[in-house]
Q: 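Please read through the structure below; I'll follow up with questions.
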Amino acid sequence: MARKTLILNGSPRPQGNTAALIETLRTKLSGEVIEISAFRSGIAPCVDCRSCWTTAKCAVRDGMQTIYDDDFDNVVIASPVYYGTLPGQMLSLMSRLQPWHAAKFFLNRPLELREKKAAVILTAGGKGNADMALHHVRALCRMLNAKGFAEHWVCSPNTDEIPADQDEKAVADVIALAKWLNEEQT
Ligand SMILES: Cc1cc2nc3c(=O)[nH]c(=O)nc-3n(C[C@H](O)[C@H](O)[C@H](O)COP(=O)(O)O)c2cc1C
């Protein structure tokens with residue numbers, strides 16, 4: 001059965017570098033694809049209301065429900081690098097996973113989340129040092145029960161000079177990511 005993929009898009013630019021690599025990925029993915037834009041989805045940041053400390057649920061009703069539903073097999077974090085890490089809007093979206101943290105650590109009722117594959121696509125204007133970005137990705141993937149990004153991440157550096165869609169290595173690597181994501185086995 002074709003696998004369902006959730007793409008978390010951290011770029012504000014609809015025709016930008018990240019968008020170009022997402023488009024390449026989409027053309028090669030065989031199953032359903034849902035994309036959430038950290039900049040355009042209107043997903044609010046966590047305001048630490050602490051309702052989830054007792055309910056394990058988020059009090060805010062917005063597009064985050066798609067993620068809470070946990071109905072996907074792959075997650076792809078696709079984002080530009082900002083100041084060495086993920087843009088604030090991606091971190092803001094990530095903060096909304098606090099109910100899952102509360103369920104596990106405050107209520108001692110960890111959720112049984114589907115095990116997913118995780119892949120990462122980064123673009124960077126400069127050299128593309130991805131250490132800090134990958135540090136945040138690791139935390140995000142742990143929350144999502146998504147595995148494998150350490151061996152399945154792509155960075156297109158130097159986009160100030162060469163746009164990502166002309167970065168032949170990055171494009172080939174994204175196509176390889178799609179192939180892996182399409183495979184049944186984790
Ligand atoms: C606020 C801001 C911070 C950035 N910080 C970095 C950085 O730390 N390192 C880097 O290599 N590029 C940095 N860049 C450049 C972007 O990562 C680069 O232009 C990227 O390809 C943009 O992707 P997009 O077109 O998909 O939005 C920054 C850009 C912006 C707007």
Side-chain angles (χ1 to χ4, degrees), residues 3-47 62-64 66-67 72 74-97 116-144 146 148-182:
R3 294 170 66 86
K4 190 167 168 182
T5 300
L6 171 70
I7 300 174
L8 300 178
N9 179 350
S11 168
R13 301 179 67 229
Q15 315 291 333
N17 293 295
T18 309
L21 294 181
I22 288 176
E23 189 48 33
T24 300
L25 183 81
R26 275 176 166 275
T27 61
K28 301 292 176 187
L29 285 173
S30 54
E32 185 184 346
V33 178
I34 314 163
E35 185 171 336
I36 294 181
S37 161
F39 278 83
R40 289 176 216 292
S41 61
I43 292 177
C46 173
V47 290
D62 59 16
M64 196 63 193
T66 304
I67 299 176
F72 46 95
N74 303 320
V75 61
V76 178
I77 295 143
S79 181
V81 171
Y82 280 7
Y83 297 101
T85 187
L86 302 176
Q89 283 76 0
M90 279 294 268
L91 300 178
S92 170
L93 187 150
M94 197 172 142
S95 73
R96 290 287 302 288
L97 290 171
K116 305 155 192 79
K117 290 185 189 178
V120 177
I121 298 171
L122 297 172
T123 65
K127 287 191 182 139
N129 183 335
D131 293 354
M132 265 202 288
L134 292 175
H135 170 79
H136 284 120
V137 164
R138 190 172 301 112
L140 179 55
C141 289
R142 200 181 307 123
M143 293 301 296
L144 292 167
F149 82 88
E151 299 81 33
H152 298 93
W153 65 277
V154 172
C155 183
S156 176
N158 198 25
T159 58
D160 291 347
E161 304 293 332
I162 302 168
D165 61 353
Q166 290 171 34
D167 178 345
E168 288 178 16
K169 181 177 181 331
V171 169
D173 287 351
V174 167
I175 291 170
L177 282 190
K179 188 167 177 287
W180 175 66
L181 292 169
N182 286 337

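In listed order, ligands and their atoms are each counted from 1. We're numbering straight along the sequence, starting at 1. Not measured: the values here are computed from a predicted model.
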Q: Could you pull out all residues at least two apart from Asp167 that satisfy salt bridge (charged side-chain N to carboxylate O under 4.0 Å, His left out)?
A: none
Q: Enumerate the protein residues lying less than 4.0 Å from ligand 1, judged by heavy-atom distances, in chain and residue-number order.
A: Ser11, Arg13, Gly16, Asn17, Thr18, Pro80, Val81, Tyr82, Tyr83, Gly84, Thr123, Ala124, Gly125, Gly126, Thr159
Q: The criterion is side-chain contact (heavy atoms from CB on, under 4.5 Å); which residues satisfy it with Ser92, sequence neighbours excluded?
A: Pro45
Q: Should the ring pair Phe39 and Tyr82 be called parallel, tilted or perpendicular, given that the plane angle runs from 0 to 90° and is split at 30 and 60?
A: perpendicular
Q: Report the residues that fulfil salt bridge (charged side-chain N to carboxylate O under 4.0 Å, His left out) with Arg26, sequence neighbours left out, ordered by chain and then residue number.
A: Glu35
Q: Taking Arg3 for the side chain and Asn74 for the main chain, is one N or O donor matched with an acceptor at less than 3.5 Å?
A: no
Q: Examine distances only and state if a side-chain atom of Arg13 and a backbone atom of Ala19 form a donor-acceptor pair shorter than 3.5 Å.
A: no
